[in-house]
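What follows is one structure encoded as structure tokens, with my remarks underneath.
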Amino acid sequence: MAVKRVKGSFALIDSLVRHGVTDIFGYPGGAILPIYDELYRFEAAGKVRHILVRHEQGAAHAADGYARATGKVGVCFATSGPGATNLVTGIATAHMDSIPMVIVTGQVPRHAIGSDAFQETDIYGITLPIVKHSYVVRDPRDMARIVAEAFYIASTGRPGPVLIDVPKDVGVEEFDYLPVEPGSVRLPGYRPTLKGNPRQIGQALKLIRKAERPLLYVGGGAIAANAHAEVKELAERFHLPVTTTLMGIGAFDEHHPLSVGMLGMHGTAYANFSVTECDLLIAVGARFDDRVTGKLDEFAARAKVIHIDIDPAEVAKVRMPDVPIVGDVRQVLIDLLNRSTEEGDPVSPGQTQNWLERIDRWREDYPLEVPHYPDKLSPQEVIVEVSRQAPDAYYTTDVGQHQMWAAQFLKNGPRRWISSAGLGTMGFGLPAAMGAKVAVPHEQVICISGDSSFQMNLQELATLAQHRINVKTMIINNGWQGMVRQWQEAFYDERYSSSNMEVGMPDFVKLAEAFGVKGMRVESRDELSSAIAQMLAHDGPVLMDVRVNRHENCYPMVPNGHSNAQMIGLPERKKLEKATELIYCSNCNVKNVASNRFCPDCGTKL
């Protein structure tokens, strides 16, 4: 390949384009101007598109949403100092949820580093705990190699964000450029384990074949590995009920009869009872997060555990498995299924039949309920209606009650659920939807937000308007920081300290129109269906303000320090009186069906 004399900024943009980058989200500034000057030429040539955000945090979340929707590496730019530090929340969000991103920041010239120069911050040091890897480009001749390594590291093994910090003078220095093509880098110290240990896979099969009350517990690792088909085949072959984490939503079809929905703090009652009562827990790409486990020593306390994960640091970090398998989730499941086929399956459909029937009784007795009030909308019915009209859309959320209702009632396909799980970042939804829509321009993209979360990055309405990014945003507006209010009601004797958002709340319709975005307001049930249809049909971005019951709480809920069986807010059990055998809880005297081992009202062992 011929050597070409170029500047460091050319090497950066050219390397990004060679790695398949078509869209970059960012905001310029002094230290990164040499890179933006080169970006101008590449844009003019039609090789890449830059989406100008209104705040650098929006750039990070947009790159994150782009990556979640596609599985590709998302890319964002920011300048040095405050530009770089404004990315930090977005980087931490991606890190917690294992999202592949490459973040490029400008930096003061090499000779000024460490001198407290104007707009200098040590973004390399600041972000060390929240990235998978970091680089400071000290020599432009390293640029192509660094970009190639960054993409390889971000997208392989357990995905994550990688930072490239580029001093200003590196961007303008000329050198003899030799491109580094994707896939050509070799990092001897970085070799993710992809194949699971055959002996461990054999041990896992033995446990699965013996289990009478198994549960398949699926996390975000199954999404990252594109293991949806293998999860389905495993569940169907061994008649396994399937529960997902917040990150795992979409990895298994929730319309499937084996699905028990999401588990954890606001999971379904039947998922939480299932994990409490199971005798085998098969964790696939999940990390035993505290919002899932509740009181850890009572989480699947009587179950043997198989843990499949690509990151060895996650195995036995929280729960010691009986069979640990380190490897790529999809590859491990393929090997397990192939071995099962080779050895033959002695498992009969009847082996888990009693268990599945028991789960079905829980499903019938403790359903997710959609309240209907005579004079006001419930948040749940709003989400159910938009899901009915746009069942195949990509959905992003912000964080809070609306996020949990969306998780409970939307039935998402693979990669069509995009939500900040580990960090719980308010302000994520709108810019993430922006990134997702850029990634999948011909798909419907809907952001479910709350009135508090939305105000954290509302400036990105300008980005939607400028670039005609056709995102539909629905604000589930109850005038509160809803989840904060719910906790204050339940655990702080109704002392609503700084959680009411009514005073100072903008007129969201006028706000949208000020940015050149269509604004809508819905206040009654009679308006809801037609308004959603109008929103979805509009050719352009829409902001819909939906006024809902101000005092609705999100249930079921597992309080802190309690087991998953100790949920509050459960619906009245249906058909309980028809049960042939009832037993009374020794602690709270509530009637239970005889098949229960734990009282669902107080969690006491029966």
Side-chain angles (χ1 to χ4, degrees), residues 1 3-19 21 24 26-39 42 56 60 73 75-88 91 95 100-155 160-182 184-190:
M1 186 178 293
V3 174
K4 183 179 180 181
R5 192 78 177 169
V6 303
K7 294 178 180 178
S9 55
F10 177 93
L12 172 65
I13 305 298
D14 183 68
S15 295
L16 292 175
V17 170
R18 287 174 184 272
H19 280 77
V21 175
I24 297 168
Y27 199 100
I32 202 171
L33 279 182
I35 293 171
Y36 269 83
D37 188 51
E38 197 61 57
L39 178 60
F42 274 77
E56 291 89 352
V73 177
V75 178
C76 60
F77 283 3
T79 195
S80 64
T85 57
N86 281 344
L87 293 171
V88 169
I91 297 171
H95 175 71
M101 284 171 51
V102 168
I103 303 102
V104 177
T105 52
Q107 185 54 275
V108 299
R110 285 168 290 185
H111 65 83
I113 292 175
S115 68
D116 291 333
F118 177 66
Q119 290 194 331
E120 180 192 0
T121 59
D122 178 14
I123 194 63
Y124 177 95
I126 288 170
T127 58
L128 274 178
I130 55 170
V131 295
K132 191 173 178 185
H133 197 61
S134 302
Y135 296 91
V136 178
V137 186
R138 302 281 182 174
D139 188 328
R141 289 172 292 187
D142 295 330
M143 186 73 78
R145 173 186 58 81
I146 285 173
V147 170
E149 289 181 5
F151 272 77
Y152 178 63
I153 292 170
S155 60
V162 177
L163 175 78
I164 303 175
D165 197 33
V166 185
K168 187 173 184 178
D169 56 331
V170 169
V172 298
E173 184 175 322
E174 292 189 348
F175 70 105
D176 292 333
Y177 173 52
L178 187 63
V180 177
E181 296 301 327
S184 62
V185 296
R186 294 292 181 268
L187 298 173
Y190 173 70

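Residue indices begin at 1 and follow the sequence shown. Computed over heavy atoms, backbone and side chain alike; hydrogens, waters and symmetry mates excluded.
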One should read off an interatomic distance between L128 CG and H133 NE2, to the nearest 0.5 angstrom, of 10.0 Å

- Can we say D142 and R138 salt-bridge, meaning some charged N sits less than 4.0 Å from an Asp/Glu carboxylate O? no

Counting only heavy atoms not in F118, do more than 12 sit closer than 6.0 Å to its CZ atom? no

- Query: Okay, side chain of E120, backbone of G114: is any donor-acceptor separation there less than 3.5 Å?
  - Reply: yes

Nearest heavy-atom contact between G8 and P140 is CA-CB, 4.1 Å

Check whether any side-chain N or O of T79 sits under 3.5 Å from a backbone N or O of G106 as a donor-acceptor pair, and report yes or no.
no

Check your understanding: Could E173 and K168 be called an ion pair, given the rule that one side-chain N must be under 4.0 Å from one carboxylate O?
Key -> no

Heavy atoms of I32 and V104 approach each other most closely as CD1-O, 4.1 Å

Less than 4.5 Å apart, side chain to side chain, heavy atoms only: is that true for T85 and I126? yes

When rounded to the nearest 0.5 Å, the distance separating OG1 of T127 from CD1 of I103 is 8.0 Å

request  = Would you mind reporting whether V185 and Y190 have side-chain heavy atoms less than 4.5 Å apart?
outcome  = no

**Message:** Can a donor-acceptor pair be found, under 3.5 Å and without considering hydrogens, that links the side chain of Y36 to the backbone of G29?
**Reply:** no

The test is side chain to side chain contact (heavy atoms under 4.5 Å, CB included); show your working for V162 and V131 and say whether it passes. CA-CA 6 Å; V162 177; V131 295; over 6 Å; no

To the nearest 0.5 Å, atom CG of L87 lies from atom CD of E56 at 6.0 Å

Looking only at heavy atoms, the pair that brings A154 and P100 closest together is O-CB, 3.3 Å

Here the pair of heavy atoms bringing A11 nearest to S15 is O-OG, 2.6 Å

Subject >> side chain to side chain contact (heavy atoms under 4.5 Å, CB included) between I164 and V136, intermediate numbers included >> reply: CA-CA 6 Å; I164 303 175; V136 178; over 6 Å; no

**Prompt:** Would you find a donor on one side and an acceptor on the other, under 3.5 Å apart, between the side chain of S80 and the backbone of Q107?
**Reply:** no

Do other residues, nucleotides or ligands put more than 12 heavy atoms under 6.0 Å from the NZ atom of K132? yes

Side chains of V170 and R110: closer than 4.5 Å at any heavy-atom pair? yes

So CG of D165 and CD1 of I113: to nearest 0.5 Å the spacing works out to 7.0 Å

Would you say the rings of Y124 and Y135 are close, in the sense that their centroids are separated by under 6.0 Å? no

- Is there a side chain to side chain contact (heavy atoms under 4.5 Å, CB included) between F42 and I24 once you walk through the steps? CA-CA 12 Å; F42 274 77; I24 297 168; over 6 Å; no

task: Evaluate whether atom CZ of F10 has more than 12 neighbouring non-hydrogen atoms of other residues, nucleotides or ligands under 6.0 angstrom away.
output: yes

One should read off an interatomic distance between L163 CG and M101 CE, to the nearest 0.5 angstrom, of 10.0 Å

Interatomic distance, CG@L39 vs CD1@I35, rounded to 0.5 Å, equals 9.5 Å

Please check: side-chain N/O of S184 versus main-chain N/O of V180, any donor-acceptor pairing under 3.5 Å? no

> More than 12 non-hydrogen atoms from neighbouring residues, nucleotides or ligands closer than 6.0 Å to CZ on R141, yes or no?
Replying inline: no

Minimal heavy-atom distance between G171 and V166, with the atoms involved, is N-CG1, 4.5 Å

Next item on the list: Check whether any side-chain heavy atom of H19 lies under 4.5 Å from a side-chain heavy atom of V147, and answer yes or no.
Entry: yes

Check: With the threshold set at 4.0 Å, does a side-chain nitrogen-carboxylate oxygen contact exist between D176 and R5?
Finding: yes

- Y177 and D14 side chains, donor-acceptor separation under 3.5 Å: yes

